[in-house]
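A quick note: this is a predicted structure, and the numbers were derived from the prediction, not measured.
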Amino acid sequence: MTEVSSLTGRLLVATPALADPNFDRAVVLLIDHDEEGSLGVVLNRPTPVGVGDILGPWAGLTGEPDVVFQGGPVSLDSALGVAVIPGDEGPLGWRRVHGAIGLVDLETPPELLGPALGSLRIFAGYAGWGPGQLEGELTEGAWYVVESEPGDVSSPRPENLWRAVLRRQRSELAMIATYPDDASLN
């Protein structure tokens, strides 16, 4: 098997050509990527469900909007916490993914993590790919791969994240940010 260059901590930004409705204009933060597959969460799919409705102790520690996000189509009954924690050392109950971005163990008492949190998002479900599946999608041109920034996790306007991430690129990708929602109306 060939070695997989890890994309952990990077963003997958759906190309306009990606036909899967689960990922239309999606921005996915890759939490794990290796030869065994890939796992990520969609950063720009807020649900109408408040964090307090399902994880009461964590309500008030999440940013605006204070709702659960649909992390992807896999295991919608499971919850993942992604947090930004500044500094070199993270608290107990947090695992660094990339830079200041990491996973929160939602079994940890929130009062242990709360003081250290820069921002927190709760995701129902995740996006997953088997071995080589994501690489195949990348080869087909389904995704742009770009660097993540800590603010991507807690964007107060997640509905604008797809355009914002593309717009900040210093390449022809910035032009894609102007791609119309419905190209047939162009």
Side-chain angles (χ1 to χ4, degrees), residues 6-14 22-34 38-55 57-76 78-108 110 112-129 134 143-169 173 177:
S6 181
L7 298 177
T8 298
R10 312 251 334 253
L11 296 178
L12 298 177
V13 180
N22 290 306
F23 298 108
D24 181 43
R25 301 223 174 188
V27 178
V28 178
L29 172 67
L30 280 175
I31 294 171
D32 283 312
H33 177 253
D34 58 27
S38 304
L39 181 142
V41 290
V42 179
L43 297 176
N44 58 335
R45 294 282 192 274
T47 72
V49 179
V51 171
D53 295 338
I54 60 166
L55 290 170
W58 291 98
L61 294 175
T62 57
E64 289 298 321
D66 187 21
V67 297
V68 175
F69 281 65
Q70 184 175 343
V74 181
S75 292
L76 292 172
S78 66
L80 289 169
V82 177
V84 173
I85 296 185
D88 294 332
E89 295 295 319
L92 185 67
W94 181 76
R95 177 180 66 90
R96 186 177 310 279
V97 170
H98 178 75
I101 302 169
L103 281 175
V104 171
D105 177 356
L106 295 173
E107 298 296 321
T108 302
L112 292 179
L113 284 166
L117 293 177
S119 64
L120 171 67
R121 279 274 154 84
I122 304 294
F123 297 90
Y126 61 90
W129 294 265
L134 178 57
W143 301 99
Y144 304 120
V145 179
V146 300
E147 293 297 323
S148 64
E149 294 182 2
D152 297 332
V153 172
S154 60
S155 173
R157 305 221 23 202
E159 67 278 4
N160 295 337
L161 191 59
W162 186 83
R163 289 187 194 284
V165 167
L166 288 171
R167 195 172 292 121
R168 75 175 182 232
Q169 303 308 307
L173 286 183

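Remark: L12 CG to L30 CG distance equals 4.0 Å, nearest 0.5 Å. With values rounded to the nearest 0.5 angstrom, S155 atom OG is found 11.0 Å from E149 atom CD.
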Could you list the donor-acceptor pairs under 3.5 angstrom formed by side chains in residues 42-55, with sequence neighbours left out?
residue: N44; atom: OD1; partner: V27; partner atom: N; Å: 3.0
residue: N44; atom: ND2; partner: R25; partner atom: O; Å: 2.8
residue: R45; atom: NH1; partner: D24; partner atom: O; Å: 3.4
residue: R45; atom: NH2; partner: D24; partner atom: O; Å: 2.4
residue: T47; atom: OG1; partner: V49; partner atom: N; Å: 3.2
residue: T47; atom: OG1; partner: V68; partner atom: O; Å: 2.6
residue: D53; atom: OD2; partner: G50; partner atom: N; Å: 3.3

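Taking each heavy atom of P73 and L76 in turn, the nearest pair found is O-CG, 4.2 Å. In terms of heavy-atom proximity, A116 sits nearest to I85 at O-CG2, 3.6 Å. A pairwise comparison of heavy atoms in S148 and I101 identifies OG-CD1, 3.9 Å as the closest pair. Nearest heavy-atom pair across P86 and V84 is CD-O, 3.9 Å. Taking each heavy atom of I122 and G81 in turn, the nearest pair found is CD1-CA, 4.2 Å. Considering every non-hydrogen atom in both P65 and P156, the closest pair reads CD-O, 3.9 Å.
In this structure W129 satisfies the side-chain hydrogen bond (donor to acceptor under 3.5 Å, both in side chains) test together with E137, sequence neighbours excluded. With sequence neighbours left out, the salt bridge (Lys or Arg N to Asp or Glu O under 4.0 Å) criterion links R157 to E159. Every residue two or more places apart in sequence or in another chain that forms a ring pair (Phe, Tyr, Trp, His ring centres under 6.0 Å) with W143 is listed here: F23. Residues satisfying the side-chain hydrogen bond (donor to acceptor under 3.5 Å, both in side chains) test with S75, not counting sequence neighbours, are none. Listed by chain and residue number, L11, V13, V165, Q169, L173 satisfy the side-chain contact (heavy atoms from CB on, under 4.5 Å) test with V146 (two or more places apart in sequence, or in another chain). In this structure D105 satisfies the side-chain hydrogen bond (donor to acceptor under 3.5 Å, both in side chains) test with no other residue, sequence neighbours excluded. Applying the ring pair (Phe, Tyr, Trp, His ring centres under 6.0 Å) rule to Y126 yields no partners; only residues at least two apart in sequence or on another chain are considered. Here R96 pairs with nothing under the side-chain hydrogen bond (donor to acceptor under 3.5 Å, both in side chains) rule; sequence neighbours left out.
Contact annotation: the side chain of V82 never approaches that of V104 to less than 4.5 Å [non-hydrogen atoms, C-beta and beyond]. Inter-residue side-chain proximity for L29 and D152 is flagged as unmet; no heavy-atom pair is nearer than 4.5 Å. With a 4.5 Å cut-off on side-chain heavy atoms, S38 and L7 do not count as touching. Using a 4.5 Å heavy-atom cutoff, the side chains of H98 and P150 are not in contact. Looking only at side-chain heavy atoms (C-beta outward), W58 and L106 come within less than 4.5 Å of each other.
Within the structure, every pair that satisfies the side-chain hydrogen bond (donor to acceptor under 3.5 Å, both in side chains) test and touches residues 59-72, not counting sequence neighbours, is listed here: T62-D66.
At distances below 3.5 Å, not a single donor-acceptor pair connects side-chain atoms of W94 with backbone N or O atoms of L113. The backbone N or O of A177 lies less than 3.5 Å from no partner atom in the side chain of R167, so there is not a single donor-acceptor pair. Judged by distance alone, with hydrogens and angles left aside, the side-chain atoms of T8 form a donor-acceptor pair with the main-chain N or O of H33 at under 3.5 Å.
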